[in-house]
Number of protein chains: 2
Amino acid sequence: MKRVKKKLFSDFIARKGLKSTRQRDTILEFFLASDRHMSIEELYLKVRAKHPNIGYATVYRTLKLFAEAGLAREIQFGDGQTRYEHVNEGEHHDHLVCTRCGTIVEFENPVIEKLQDEVAKSHGFLIETHKMELYGLCPKCRK
Amino acid sequence: MKRVKKKLFSDFIARKGLKSTRQRDTILEFFLASDRHMSIEELYLKVRAKHPNIGYATVYRTLKLFAEAGLAREIQFGDGQTRYEHVNEGEHHDHLVCTRCGTIVEFENPVIEKLQDEVAKSHGFLIETHKMELYGLCPKCRK
DNA sequence: GATGTTTATGAAAATCACTTTCATTACCAT
DNA sequence: ATGGTAATGAAAGTGATTTTCATAAACATC
Ligand SMILES: [Mn+2]
Ligand SMILES: [Mn+2]
Ligand SMILES: [Zn+2]
Ligand SMILES: [Zn+2]
């Protein structure tokens, strides 16, 4: 899986005429090894712990590249920080977010997706993307 | 309807031991008269046109109060501005957002809502709120 | 109606999370 | 090895809030 992502990125780099750099490789390594839904700051801190010379701006720019290359996606849970999650070929999911501890659970529901398309169609919209997040207490925090 | 909202707010003011002020009344008036989904800046500009002495900070703080009082809700469509929409007793809706012209259409879909509850339950979550937005081109922008 | 206490207001400063700038490095095709 | 680009990091800039603080306005109580 990591191999696939790395290939995806190096192909992207080549296709765009960009350069392969130590920093980009390092950041990709950390991104792939990380939990999902990392904020720029969080990833930057993890990277910096091992590579104090890599700057915030580079992490920021590299995450944008990952998104452009199709291996990451920007998400916004309303806490004021942009997060990046992993994208897997042909996969789509939405989120359950715990309002107490921040736990994020992913889910897929084809029936809902289909209904969303119908809603859009009934209003004459041509849907490009959508966002669905359910906020509440996770099993642990309910107790 | 406006009467109900004003009552709701004055009750809130009283209950919280806050003060009734000219500014709050004015801002509420403009909020109730406005289209839905206004950003702070937009409402501030409308208010300022007639009341040049009311400051941005007051509009900002007053909108927060409206939300706390239950007559407005903060929404975030990813354009970098916080917006406030009207809340009507016992009503819930989600949004279709045109990515080209910004048009916002509201819709309700009980079937989706029910499925969302089921998803949450199957993951042991106790849902408090949710967010569902469908982004794409509105009928006009499709042409 | 005047007064005292408390909350609200407005202008300006401070935050926050990016986003861009720019001098300096690092890539990489000769 | 070298020259031409692209990338990097530190710092400055942005834009949308969010907070601070001196002053003003409410609203109970004289
Ligand atoms: Mn989905
Ligand atoms: Mn709405
Ligand atoms: Zn939790
Ligand atoms: Zn449109």
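Per chain, numbering begins at 1; letters A, B, ... match sequence-line order.
When rounded to the nearest whole Å, the span between OH of A:Tyr44 and C1' of C:dT19 equals 16 Å. The interatomic distance linking A:Leu65 (CG) with D:dA6 (C1') rounds to 12 Å, in whole Å. Rounded to whole angstrom, the span from the CZ atom of B:Arg24 across to the C1' atom of D:dC27 amounts to 13 Å. Whole-Å rounding puts the A:Glu42 CD to C:dC18 C1' distance at 15 Å. Taking atom CG on A:Leu63 and atom P on C:dT19, their separation rounds to 12 Å, with Å as the unit. For the pair A:Arg48 CZ and D:dA10 P, the interatomic distance rounds to 10 Å; values are reported in whole Å. With rounding to whole Å, A:Ile40 atom CD1 is found 12 Å from C:dC16 atom C1'. Following rounding to the nearest Å, B:Glu68 (CD) and C:dA8 (P) show an atom-to-atom distance of 11 Å.
Both A:Gln76 and B:Tyr56 lie near DNA chain C, and the one whose nearest nucleotide falls closer to the 5' end is B:Tyr56. Nucleotides of DNA chain D nearest to B:Thr82 and B:Gln23 differ in position, and the one nearer the 5' end is that of B:Thr82. With the nearest nucleotide of DNA chain C identified for both B:Val59 and A:Glu74, B:Val59 has the one nearer the 5' end.
If you check every strand for non-hydrogen atoms under 4.0 Å, A:Ser39 touches nothing. Across all strands, A:Glu41 comes closer than 4.0 Å to no nucleic acid atom at all (heavy-atom distances). Among the heavy atoms of the strands, none lies under 4.0 Å from B:Lys16.
Listed nucleotides: D:dA26, D:dT8, D:dA10. Nearest to the side chain of A:Ala57: D:dA10. Nearest nucleotide to the A:Lys19 side chain, out of C:dC18, D:dA6, D:dT18: D:dA6. The listed nucleotides are D:dG4, C:dG10, C:dA17; the one nearest the side chain of B:Thr58 is C:dG10. The listed nucleotides are D:dA26, C:dA8, D:dT17; the one nearest the side chain of B:Leu18 is C:dA8.
Side-chain atoms of B:His37 and B:Glu85 form a donor-acceptor pair, as typed in the model, at a separation below 3.5 Å. At a cut-off of 3.5 Å, with distance as the only test, a side-chain donor of B:Glu113 or B:His92 sits close to an acceptor on the other residue. Checked by atom type, the side-chain pair A:Glu42/A:Tyr44 shows no donor-acceptor distance below 3.5 Å.
Note on A:Tyr60: every side-chain N or O is 4.0 Å or more away from OP1 and OP2 of C:dC18. A close approach under 4.0 Å does not occur between any side-chain nitrogen or oxygen of A:Thr21 and OP1 or OP2 of D:dA6.
Look at B:Asp117 and B:Lys121 and you find no salt bridge, because none of the NZ, NE, NH1 or NH2 atoms lies under 4.0 Å from a carboxylate O.
Two residues are said to be in side-chain contact when any heavy atoms from C-beta on lie closer than 4.5 Å; A:Met132 and A:Phe107 meet this criterion.
The base of D:dT20 lies close enough to the side chain of B:Arg61 for a donor and an acceptor atom to sit less than 3.5 Å apart.
Screening B:Lys131, B:Lys64, B:Arg83 against B:Glu74 for a salt bridge (charged side-chain N to carboxylate O under 4.0 Å, His left out) leaves a single residue, B:Lys64.
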